[in-house]
Amino acid sequence: MNTPKRRSWAEPYKIKMVEPVKMTTRKDREKAISEAGYNTFLLRSGDVYIDLLTDSGTSAMSDRQWAGMMLGDEAYAGSRNYYNLEDAVRQFYGYKYLVPTHQGRAAEHLISKIMISDGDVIPGNMYFTTTRLHQELAGGTFADVIIDEAHDPENEHPFKGNVDLQKLEDLIKKHGPDRMPYVSIATAVNMAGGQPISLENLQQVRELTAEYDIPIIHDMTRVAENAYFIKKKEPGYADKSVAAIVRQICDLTDGATMSAKKDALVNIGGFLAVNDREVFEEARNLVVVYEGLHTYGGLAGRDMEAMALGIEESVQEDHIRARIGQVQYLGDKLIGWGIPVVRPIGSHGVFLDARKILPHLSQDQFPAQTLAAELYLDAGVRAMERGVVSAGRNTETGEHNYPDLELVRLTIPRRVYTQAHMDVVAESVAEVFANREKISGLNMIYEPKYLRFFQARFERAD
Ligand SMILES: *Cc1c(COP(=O)(O)O)cnc(C)c1O
């Protein structure tokens, strides 16, 4: 017998409990997607076979985290789990003061209310839906300062989350530093396709903002994933641990909002963490109005315990290698078959380029929304639109924002699916791709006022 040359690799965990998923027929799915107004957010999860809607709150917790849930101290005030969470945030991220919140957007709400005044401008490396909305609701305007490469799905720049320093400096000079409460820096930029920012670039942003005395608020939702890319791609970091790189990133910023439902491997939770005592005191006061007392912030004690443990697990090398490796596996398969996706493959999902796949549809026919619906119809895989629907309308003109990126996001939950699931997904995408010319667009028949992508309804255009 010849021994195989290839040494296989497998997920660094084994299955202890299973959750059966339903297999549906095409007829079932036709009915389900039409009842859902061709919006995958409005499908019932029971009608979904492989759920790649989001990586938010969909991770599988470890046995250790579940054990932690049993150690929940449900005291109204001063729960011991709060202090464990505070220790984890200080140890792994280095921020001094912690205010727990029920999820990321609640932390964005607090920081926006505290720091932004009417007429302020908040530069950031690409917008995120909830982040920008909270900035706007607080009277501010978001200004995109990400490098141009980030808007080009084919550009292979290794750090498409980088800030264009010239754009940032021009903006500071135009509006004046007093109109800039902070610069908003995301790691593993979600809307760009999960693209990392380099440490070199972040250091330069730090130097520039220090000159003008402007703080940096870090959207650290996927900081460990960003750190892994730095280890793999940025010269000088190959031998550093992911945990050390995470600390280095956090140390270059003044505070952070966190959706722990992503990197930190919990089903619910988030926080605001800052180094400034005054900002902390205001946040600790405001959180009582919107979330709950400052030692639970809308969470149960057990949720905070699971989060503290999840933070620790999120920076473990085996975990993060497998996590990004699985996303890469799916992406490489699709690239190998010539299917247009955002390159390089990012942290938390594979982003299909709907403009390229459905060139016969204009953005007014919602190509990404259409593609996501078609994908569901083919095999019951649920994806998400990240294009003109997600981009919303211009607050002044009321016109659609037409983003360059018109994408369908296949988002991979952490530790949930196997390589075989990834094969099924890849084959379904290939099938839809093969029949792409027959696909017609959608009309929007219901449009909610805020974050319309969640609840908008559509019908077939033909
Ligand atoms: C998910 C997410 C948020 C919002 O967090 P929620 O927990 O969903 O409220 C903010 N920023 C980024 C980059 C995210 O991915």
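Start at 1 and go down the list; that is how both ligands and their atoms are numbered. Values below: all heavy atoms of this structure, side chains included; hydrogens, waters and symmetry mates excluded. Just so we're clear, the structure is a prediction, and the values are computed from it rather than from any experiment.
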**OP:** Return the orientation label for the Tyr93 and Phe271 ring planes: parallel under 30°, perpendicular over 60°, tilted otherwise.
**Re:** tilted
Original post:
What residue among Arg393, Arg457, Gln455 forms side chain to side chain donor-acceptor pair (under 3.5 Å) with Glu447?
Top reply: Arg393
**OP:** Give a yes or no on whether a salt bridge exists between Arg414 and Glu313, defined as a side-chain N under 4.0 angstrom from a carboxylate O.
**Re:** no
**OP:** Classify the angle between the aromatic ring planes of Tyr76 and Tyr296 as parallel (below 30°), tilted (30 to 60°) or perpendicular (above 60°).
**Re:** perpendicular
Pairs under 3.5 Å, N/O atoms on ligand 1 and on the protein: can you put them in a table with the distances?
| from | atom 1 | to | atom 2 | distance (Å) |
| --- | --- | --- | --- | --- |
| ligand 1 | 5 (O) | Ser259 | OG | 3.4 |
| ligand 1 | 7 (O) | Gly104 | N | 2.9 |
| ligand 1 | 7 (O) | Ser259 | OG | 2.6 |
| ligand 1 | 8 (O) | Gln103 | NE2 | 3.3 |
| ligand 1 | 8 (O) | Arg105 | NH2 | 3.0 |
| ligand 1 | 9 (O) | Gln103 | NE2 | 2.9 |
| ligand 1 | 9 (O) | Gly104 | N | 3.3 |
| ligand 1 | 9 (O) | Arg105 | N | 2.8 |
| ligand 1 | 9 (O) | Arg105 | NE | 2.7 |
| ligand 1 | 11 (N) | Asp219 | OD2 | 2.7 |
| ligand 1 | 15 (O) | Asn190 | ND2 | 3.0 |
| ligand 1 | 15 (O) | Arg222 | NH1 | 2.8 |
| ligand 1 | 15 (O) | Lys262 | NZ | 2.9 |

Original post:
If you draw a 6.0 Å radius around CD in Glu74, do more than 12 non-hydrogen atoms from other residues or ligands fall strictly inside?
Top reply: yes
**OP:** Indicate yes or no for a side-chain donor-acceptor contact from Gln65 to the backbone of Ala306 under 3.5 Å, with no hydrogens or angles considered.
**Re:** yes
